[in-house]
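Just so it is clear: chains get the letters A, B, ... in the order the sequence lines come, proteins before strands, and each one is counted from 1.
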Amino acid sequence: MTLLDKIWDAHVVQKVPDGPTQLYIDRLYCHEVTSPQAFEGLRSRGLKPLRPERIYCMPDHNTPTHDQDKPIEDPVSKTQVDTLSRNAQEFGLKHFGMMDHNNGIIHVVGPELGLSLPGMTIVCGDSHTSTHGAMGAIAFGIGTSEVEMVLASQCILQQKPKAMRIIVDGKLGEGVTAKDMALYLMSKLTTSGATGYFVEYAGEAVRNLSMEGRLTLCNLSIEMGARGGIVAPDDVTFEYIKGREYAPLGEDWDHAVAYWRTLRSDDDATFDYEVRYDAADIEPMVTYGTNPGMGIGITQSIPELDSIDPAGRESFLKSLDYMGFKPGQKMEGTKVDYVFLGACTNGRIEDFRAFASIAKGRKKHPDVTAWLVPGSWRVLDQIKAEGIDKVLEEAGFEIRQPGCSACLAMNDDKVPAGKLAVSTSNRNFEGRQGPGARTVLASPLTAAAAAVTGVITDPRTLLVNK
Amino acid sequence: MKQKFEVVTSACVPLPLENVDTDQIIPARFLKATTRDESFFGDNLFRDWRYDSEGNPRPDFVLNDPRYADARVLVAGKNFGSGSSREHAAWAIAGYGFRAVISSAFADIHKNNELNNFVLPVVVSPEFLAELFATIEADPAAQVEIDLPRQTVTNLTTGRSEQFEISAYKKHCLLNGLDDVDYLLTKQPEIEAYEKRAYGGR
């Protein structure tokens with residue numbers, strides 16, 4: 001059996017004849033954007049959540065990244081955030097509102113509080129719910145009708161996805177991160193290469209990732225079209241979870257770990273698709289187009305038109321036209337206007353450590369506007385505890401308050417039309433960071449290198465020898 | 001909502017681009033609504049391709065081409081609906097008046113969202129898709145027939161027809177105007193039995 005089979009089978013309530021599986025959901029997370037119509041639907045049917053104790057709510061998409069102690073200025077954003085709070089109160093759901101110490105980006109907070117645990121099924125009306133798969137869980141994004149479904153029944157109807165395993169052998173080079181690994185995989189498999197599949201990540205390079213790195217990797221599973229991504233839980237996972245606020249304690253902890261240790265694909269498990277890569281082939285990556293699969297190693301050039309499949313050429317050219325790039329062009333040396341460190345992809349402590357390792361002793365380039373946004377208040381606490389805030393301040397950077405920030409242009413942090421941003425977020429779609437904004441996805445190290453030089457720069461040229 | 005689907009015969013809106021993501025279908029700034037007003041989302045379908053920053057229609061975008069004004073089927077390149085899980089994208093497609101979307105591949109979450117809003121995602125072969133784009137280019141009034149009971153899609157100009165996949169359960173829902181919540185509410189005893197089994201009744 002695969003790891004997917006084991007967790008899936010443990011959650012099957014029943015199989016609908018000639019249809020999907022009714023799957024029990026251990027954890028539903030709700031944020032303010034994709035839940036109001038689900039609560040409204042529940043109300044109009046005269047229902048209440050079936051299992052309120054399995055549901056956690058927090059606003060993150062609309063939250064401003066400054067002055068969170070004051071009311072949100074944008075009245076529409078404020079209404080949406082207030083609506084979540086009101087719905088949670090009406091239906092008796094746990095709610096971590098703005099300024100609550102447990103608030104932050106839902107995909108950062110879930111693992112960090114020990115709410116997302118190995119062996120669980122976890123859903124949220126957000127495609128990056130795949131993040132929680134790093135804990136050894138089946139976690140996937142759903143639509144609002146499906147949120148309503150889970151509120152009403154604690155179950156969801158889903159076709160079981162096919163199983164894919166991606167093995168990355170060997171060791172990542174210096175200056176190459178989990179983000180680069182994910183962008184590399186997308187560049188190989190394309191943005192739809194894993195559609196219909198659930199991906200298990202394995203191999204030495206994946207095993208060697210920290211929990212933060214695995215969360216980044218699984219976060220980006222959806223960008224290959226995968227239903228979700230998972231890493232088999234191991235000592236790295238258990239060490240991360242132990243002692244967190246909602247983690248099991250005492251005897252419960254021992255029982256949990258004993259069960260979690262069984263959560264791995266059997267040696268004779270078969271996958272519908274398996275693919276293998278060598279970590280040594282991975283460079284720091286940057287995207288050049290308008291989907292996350294359009295990525296290249298930072299020393300490489302944008303592909304020539306004749307290397308693109310004819311059916312995709314119109315999209316390819318439209319994409320380059322939007323970005324203002326030409327086929328065959330080098331990315332290094334391109335002028336950068338904005339740098340964004342944060343999002344559910346790279347808003348964790350390790351990402352701030354990485355950024356600071358390059359910023360230390362250098363200065364922010366005067367032409368660059370930089371937004372450094374921790375994924376949660378707890379990440380911010382740790383930044384301060386480790387003195388990273390001081391390093392960044394000395395380099396001319398300011399740390400903002402937690403939230404989704406410039407990832408998706410739903411709050412004040414928007415990149416102006418025509419400006420180029422090097423961003424640690426997850427999507428470089430047209431207009432994603434603001435109408436007309438141009439996004440280059442990269443790792444925190446590459447973002448830091450751009451922030452101090454003002455141009456796209458190979459971060460390996462700036463690494464300090466240890 | 002819950003408009004039953006049987007047979008739709010319609011002209012098509014061609015969008016021969018691949019990887020059309022849900023941020024293009026409905027940009028994030030239109031996601032702040034707290035109600036499911038489909039006409040609002042439909043008015044903003046493909047907002048930034050359809051209107052310039054001043055709100056004027058872009059004449060070169062297909063939805064602004066009067067020849068396609070009555071078309072109720074959208075035809076798009078592969079991997080339609082990738083990216084964000086926002087159901088607002090499906091609401092926008094439904095709100096505009098589309099009954100079905102034809103493509104050679106859909107992103108998983110968006111496909112479910114369409115089905116849950118009684119918009120039928122029809123997966124066809126790349127060859128069928130290429131021929132259909134050519135047919136529409138030659139004659140913008142060219143029609144397709146989508147027959148859900150028979151699970152067939154037909155290019156009425158060339159006569160080319162294909163079977164498409166849909167689960168028997170979802171087909172039943174679409175034909176009868178039922179949704180998944182209606183169904184799950186009948187499964188309360190099974191849910192409680194599962195909880196006893198898995199959680200020891202906790």
* To do: Please confirm whether the backbone N or O of G83(B) pairs with a side-chain atom of E223(A), one donor and one acceptor, at under 3.5 Å?
  => no
* Give a yes-or-no answer on whether the side chains of K78(B) and S192(A) include a donor-acceptor pair shorter than 3.5 Å. => no
* Structure fact -> Residue set satisfying side chain to side chain contact (heavy atoms under 4.5 Å, CB included) with H255(A), at least two apart, ordered chain then number -> E251(A)
* Below 4.5 Å from any heavy atom of chain B, which atoms of L50(A) appear? Answer side chain, backbone, both or neither. => side chain
* Show your working on side-chain contact (heavy atoms from CB on, under 4.5 Å) between S127(A) and H110(B) and close with a plain yes or no. => CA-CA 10 Å; S127(A) 60; H110(B) 180 70; over 6 Å; no
* Output, in order, the C-alpha distance, side-chain angles, deciding distance and verdict of salt bridge (Lys or Arg N to Asp or Glu O under 4.0 Å) for D18(A) and K170(B). => CA-CA 9 Å; D18(A) 296 321; K170(B) 238 359 191 181; over 6 Å; no
* **Contacts of residues 119-131 of chain B with chain A (heavy atom under 4.5 Å)** => none
* Asked: Is there a donor-acceptor contact under 3.5 Å linking the side chains of T34(A) and E87(B)?
  -> no
* To do: Find the distance between CG (D23(B)) and CG (L408(A)) and round it off to the nearest 0.5 Å.
  => 7.5 Å
* Does the distance from a Lys or Arg side-chain N to an Asp or Glu carboxylate O, for K32(B) and E32(A), drop under 4.0 Å? -> no
* Side-chain heavy-atom pair V181(B), L47(A) within 4.5 angstrom cut-off -> yes
* List the atom of P435(A), the atom of R29(B), and the distance in Å for their closest heavy-atom pair. => CG-NH1, 3.6 Å
* What do you reckon, is NZ of K78(A) surrounded by more than 12 foreign heavy atoms closer than 6.0 Å? -> no
* Of the backbone (N, CA, C, O) and the side chain (C-beta and beyond), which part of L185(B) lies under 4.5 Å from a heavy atom of chain A, both, or neither? -> side chain
* R313(A) atom CZ, over 12 foreign heavy atoms within 6.0 Å -> yes
* Nearest-0.5 Å distance, OG of residue S145(A) to CG of residue L115(B) -> 10.5 Å
* Proximity breakdown for K414(A) and chain B, heavy-atom pairs closer than 4.5 Å -> neither
* Region of E114(B) in contact with chain A, defined by heavy-atom distances below 4.5 Å -> neither
* Between the main-chain N or O of S153(A) and the side-chain N or O of Q188(B), is there a donor-acceptor pair closer than 3.5 Å? -> no
* Asked: Which residues satisfy the side-chain hydrogen bond (donor to acceptor under 3.5 Å, both in side chains) test with S161(B), sequence neighbours excluded?
  -> T154(B)
* Are R54(A) and Y199(B) in a cation-pi setup, meaning NZ or CZ lies under 6.0 angstrom from the ring centre and within 45 degrees of the ring axis? -> yes
* To do: State whether the side chain of D108(B) and the backbone N or O of G196(A) hold a donor-acceptor pair below 3.5 Å, judged by distance alone.
  => yes
* Structure fact -> The interface call for Q24(B) against chain A, heavy-atom contacts under 4.5 Å, is side chain
* Where on F106(B) is there a heavy atom nearer than 4.5 Å to chain A: the side chain, the backbone, both, or neither? -> backbone
* Could you look at V12(A) and say if it's the side chain, the backbone, both or neither that has a heavy atom under 4.5 Å from chain B? => backbone
* Structure fact -> Whatever's closer than 4.5 Å to a heavy atom in chain A on S84(B) counts as both
* **Residues R432(A) and D21(B) bridged, charged N to O under 4.0 Å** => no
* Considering only heavy atoms from C-beta outward, does the side chain of Q37(A) approach that of T34(B) to under 4.5 Å? -> no
* Would you say K48(A) has more than 12 foreign heavy atoms packed within less than 6.0 Å of its NZ? -> no
* To do: Using non-hydrogen atoms and a 4.5 Å limit, figure out which bit of H88(B) sits close to chain A: side chain, backbone, both or neither.
  => side chain
* With no hydrogens and no angle check, is any side-chain donor or acceptor of S167(B) less than 3.5 Å from a backbone partner on G19(A)? -> no
* Asked: Without hydrogens or angle criteria, can the side chains of Y194(B) and Q14(A) be said to hold a donor-acceptor pair below 3.5 Å?
  -> no
* Asked: Does S315(A) use its side chain to pair, donor to acceptor, with the backbone of L17(B) at less than 3.5 Å?
  -> no
* Below 4.5 Å from any heavy atom of chain A, which atoms of A28(B) appear? Answer side chain, backbone, both or neither. => both
* Contacts of Y197(A) that satisfy side-chain hydrogen bond (donor to acceptor under 3.5 Å, both in side chains) - sequence neighbours left out -> none
* Judged by modelled atom types alone, do W49(B) and E430(A) share a side-chain donor-acceptor pair under 3.5 Å? -> yes
